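As the structure lists them, so they are numbered: ligands from 1, and atoms in each ligand from 1. All values below were derived from every heavy atom in this structure, side-chain atoms included, with hydrogens, water molecules and symmetry-related copies excluded. A quick note: this is a predicted structure, and the numbers were derived from the prediction, not measured.
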Amino acid sequence: PDVYLKRQDGEVLGDLLDSQAPTPRSIYVFLLDGLHHTELEDRLEADPDTLPNLRALRETAAVLASGSIVNFPSITWPSHTTIGTGTWCGHHDVVNPSYYLRDERKMISPQGQQVETEGFANPEVESLYEAFARVRGEASLTAAIHAPFGRGAKHAVLERRNLCNRDVLHGLNDELSRDEDPRWREDKNEDAVRESTLDTRGVAQVFDLFRRDDLPSPDFVFHELILTDGVGHDYGPHSEGMRSALEESDRRIGRILDLLEEQGQRQETLFVVTADHGMAPQDVSLAANPGRHVKTVGLSAQVADSMVWLLDCHLEIERAADGRTARIIVRHGDALTSGERPVLANARISVHRLEVDVPGEELAEGTTDNQGLFAFSTPAEIPSSEILVRVEAPGCSPRNLTLDGMSRRKDLRGALYPDSEQLHEHA
Ligand SMILES: [Zn+2]
């Protein structure tokens with residue numbers, strides 16, 4: 001059967017596959033959220049007696065020694081969708097935790113929404129769950145355990161498809177909550193306690209799914225373990241908190257490995273251990289949000305953390321052949337879903353003679369009409385390259401250009417380093 005996804009970015013790393021080994025029956029992906037591979041490698045090396053389950057998996061694994069980059073931006077929702085579809089975010093469409101739909105003039109936030117987000121992904125790309133259903137048939141069982149991308153999974157609690165038995169889960173939660181590290185409650189870290197509880201519930205779901213008589217055994221599980229992300233944010237990378245989070249997550253992985261052993265499936269399962277992104281050292285007390293500076297300096301933009309979409313106008317500029325008149329039509333830079341760029345009325349236009357990079361004599365001034373049009377007369381003896389037009393359209397960043405259509409930009413190096421003579425000379 002064709003096991004390739006409908007669209008796959010990049011190439012399959014065939015070197016990772018052992019062609020002599022028996023074909024696995026099922027795939028189990030452990031995703032340790034926000035766990036940079038150096039965090040795991042350092043801990044395995046520094047404490048040889050810890051993390052027995054991750055260590056056992058690693059011993060027989062193909063390892064990407066320098067790690068890998070899931071996606072740009074490397075951040076939860078886009079990365080999970082990349083792992084679940086084999087495509088970059090520019091193809092699966094979930095380009096950021098929050099992003100701007102420029103044709104609909106709307107900011108949306110899958111990561112803010114958290115539940116029922118599968119509809120944001122482009123239907124033209126295939127998910128791994130869908131591929132299993134295509135190859136193994138609709139009766140095969142796939143599960144997204146708290147994975148932010150679960151499109152096509154039969155069991156996906158975040159998509160409100162829950163195959164589990166509530167009473168069974170309650171009993172399991174009590175037993176499995178013993179894996180929680182006491183540190184989180186001692187530190188009064190409510191977020192870590194909540195994430196630890198969520199991870200316990202995820203393991204309980206897996207126990208119920210694999211032990212059920214009325215369901216086929218899952219062919220594919222995408223299992224998100226969230227604790228390493230929240231603790232990484234709160235305690236920082238390579239911290240004592242991270243050590244505890246890794247050990248706790250390792251206990252949960254051990255529970256799953258034992259369960260599969262008990263079910264006679266461990267040897268038939270291909271395990272993948274991965275992450276959606278890493279964790280940079282940060283001083284969260286700074287509440288730094290550099291993206292917003294584009295607005296404080298006066299540009300029009302839509303800003304969501306780590307995404308900036310500049311709102312710009314689209315200009316059609318034309319000077320008559322005799323050089324005596326010119327016209328400009330101002331439109332919104334972003335086309336609507338229909339493909340049309342709406343015209344912008346009431347855009348302020350000022351026209352000056354350009355004298356060595358500064359505006360000189362005023363030649364015309366006015367605003368665009370309801371058709372986005374402004375027409376003006378021009379002295380025929382001044383070349384278009386020496387007539388400066390400034391456009392300030394409502395809701396858009398201002399534009400400066402010469403009548404020949406060339407944009408006039410500030411020399412950013414000069415603006416950023418006004419004292420550096422050398423830079424001016426080379427600018
Ligand atoms: Zn994440």
- Does Glu126 reach the side chain of Arg134, with side-chain heavy atoms less than 4.5 Å apart? yes

- Can you name the closest pair of heavy atoms from Val125 and Glu130 and give their distance? O-OE1, 4.1 Å

- Could you check Gln265 against Ser217 for side chain to side chain donor-acceptor pair (under 3.5 Å), going step by step and ending with a plain yes or no? CA-CA 9 Å; Gln265 293 193 33; Ser217 193; 2.6 Å; yes

- Is it true that atom CG of Asp18 has more than 12 heavy atoms of other residues, nucleotides or ligands lying nearer than 6.0 Å? yes

- Can Ser177 and Thr200 be said to form a side chain to side chain donor-acceptor pair (under 3.5 Å), step by step? CA-CA 6 Å; Ser177 62; Thr200 291; 5.9 Å; no

- Note on the structure: Within less than 2.8 Å of the Zn ion (ligand 1), the count of protein N, O or S atoms comes to 4

- Side-chain touch Tyr235/Met242, heavy atoms, less than 4.5 angstrom: no

